[in-house]
Amino acid sequence: MDFQLTPAQSDLRELARTWVDKEVVPYAAQWDRDESVDRGIVGKLGALGFLGIGIAEEYGGSGGDTTDYCLLLEELGRGDSAVRGIVSVSLGLFGKSIAAYGTEEQKLRFLPGICAGTRLGCFALTEPSTGSDAANLDTRATRDGSDWVLTGTKIFITNGTWADTALVFARTGGPGPKGVTAFLVPTHAPGFGRAEIKGKLGLRGQATAELLLDGVRVPDSARLGELGQGFRIAMSALDKGRIGVAAGCVGLARACLEAAVRYAGEREQFGKPIAGYQLVQELLADIAVETDAARLLAWRAADLADRGQAFGTAASMAKLFASEAAVKAANNAIQVFGGYGYIDEYPVAKYLRDARVLTLYEGTTQIQKLLIGRALTGVNAIV
């Protein structure tokens, strides 16, 4: 299944596919066992321009649009969702928020390094007591002369122990979304602590962290956007981010399909390859259909975004369907593999563990359904 890709898009997809097969796929299982992706992957991503897709060339980016970004993230998701997450957060949530809301000085200061892979960013929104209820976060930024002093805790922050700068959302006013402001906070600042979270079910190679801010002082020039605009910045980033997550889910589902088809052609039972049995073909067909459907939903949302049309509901639909499809694809792939699918000699057990979190972050499946329901009925059932 393809839309009509441009020659440049076809070249990008082939470059990403070839690179992932060489630099990611052979190492993904060991990174998972070690609970650490090789950090050198960041520079390699930057050198190929993958960390600059969608950022203007004047800021060190590679140009391109949301569809280009989806093509990249699908291939990265096929190779290792942990690597895809590095790009989704540093470029997608962090870098593109600066591109959209930053001052000229902020763009020139942060974006070239992000695009080159010499700097990494993280997106510090989630807190121990506020996940889906992000408007009611507790982290506080208090004005002190020309500075802001930030205190609070963030949890489940991708790139948290690797990032040079954190996009931190903190309360500067009263309760609710209008009291939230965004800040670009250096992670080496006094009072900034971080601890890596180990023992995750999936995405084990990804640097996921708890961030502790204890009186971290930043100048007002570190504020991203206007006072009280932080929640809007966060939600805008997540709307766009859901398109990328959906594309990554498509890649993971593709990996499940490719592994299951290959194994079904090799594994023999009752005197012939199991690919010749109807119920095995049913498992494979279900993966294939839902993978293509998820890709179409992701690309539709990307196309709407690129044409400047409202895309939030389409992004929620894509993220909802693609993340659930990835889980089902991994389950079906394990069923094809049988007992061998349950051990890490083969990749499908890792695919299931990695897929499961995709229904949780950047808006749970249930939140996506409520967003879609609100768009259909005009009634807000979230609060």
Side-chain angles (χ1 to χ4, degrees), residues 54-56 59 66 88-111 114 121-127 129-154 157-158 163 165-187 189 192 211 213 216-244 305 308-313 315-316 361-363 367 371 374 380 382-383:
I55 302 294
Y59 302 117
T66 313
S88 292
V89 172
S90 189
L91 169 59
L93 298 181
F94 180 87
K96 291 184 179 179
S97 292
I98 294 174
Y101 293 95
T103 64
E104 186 69 10
E105 188 277 332
Q106 287 171 335
K107 293 175 186 177
L108 291 171
R109 179 181 175 189
F110 291 104
L111 292 180
I114 292 295
C122 65
F123 187 81
L125 177 63
T126 301
E127 298 182 357
S129 60
T130 55
S132 297
D133 189 15
N136 287 315
L137 53 81
D138 294 322
T139 296
R140 180 160 290 279
T142 304
R143 193 68 184 256
D144 184 17
S146 60
D147 293 343
W148 293 90
V149 179
L150 284 75
T151 300
T153 303
K154 300 292 182 177
I157 307 303
T158 300
T165 309
L167 177 52
V168 177
F169 297 89
R171 186 159 305 286
T172 53
K178 294 182 180 180
V180 178
T181 301
F183 298 90
L184 296 164
V185 182
T187 56
F192 196 112
L211 307 182
L213 295 91
V216 177
R217 182 176 291 270
V218 296
D220 189 55
S221 60
R223 176 171 42 81
L224 181 67
E226 301 298 326
L227 190 67
Q229 196 180 24
F231 187 77
R232 176 182 170 188
I233 292 172
M235 294 304 104
S236 174
L238 291 174
D239 274 348
K240 295 174 184 175
R242 287 165 187 152
I243 303 174
Q309 297 188 15
F311 65 89
T313 301
S316 287
Y361 65 24
E362 298 201 29
I367 288 294
L371 292 173
R374 183 174 67 189
N380 186 4
I382 297 177
V383 293

Nearest 0.5 angstrom please: [X] [atom1] to [Y] [atom2], how far?
X: Ser316; Y: Ile367; atom1: OG; atom2: CD1; answer: 9.5 Å
X: Phe94; Y: Ser88; atom1: CZ; atom2: OG; answer: 15.0 Å
X: Leu238; Y: Ile243; atom1: CG; atom2: CD1; answer: 12.0 Å
X: Thr153; Y: Asp138; atom1: OG1; atom2: CG; answer: 9.0 Å
X: Met235; Y: Leu371; atom1: CE; atom2: CG; answer: 9.5 Å

How far apart are the closest heavy atoms of [X] and [Y], and which atoms are they?
X: Ser97; Y: Leu224; result: O-CD2, 4.1 Å
X: Phe183; Y: Leu150; result: CD1-CD2, 4.1 Å
X: Ile114; Y: Leu91; result: CG2-CA, 4.4 Å
X: Asp147; Y: Pro219; result: OD1-CA, 3.5 Å
X: Gly241; Y: Leu93; result: CA-CD2, 4.3 Å

Is there a side-chain contact between Trp148 and Asp220 in this structure, where contact means two heavy atoms from C-beta onward sitting under 4.5 Å apart?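 They are in contact (side-chain heavy atoms under 4.5 Å apart), so the answer is yes.
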Give a yes or no answer on whether the side chain of [X] reaches the backbone of [Y] with a donor-acceptor pair at less than 3.5 Å.
X: Thr181; Y: Gly228; value: yes
X: Arg109; Y: Leu111; value: no
X: Thr187; Y: Ala163; value: yes
X: Arg171; Y: Leu137; value: yes
X: Gln106; Y: Ser221; value: yes
X: Arg143; Y: Gly145; value: yes
X: Arg140; Y: Gly152; value: no

Less than 4.0 Å between a side-chain N and a carboxylate O, is that true for Lys154 and Glu127?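 Salt bridge: yes.
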For Phe169 together with Phe123, are the ring centres under 6.0 Å from each other?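 Yes, the ring of Phe123 comes within the 6.0 Å limit of the ring of Phe169, centre to centre.
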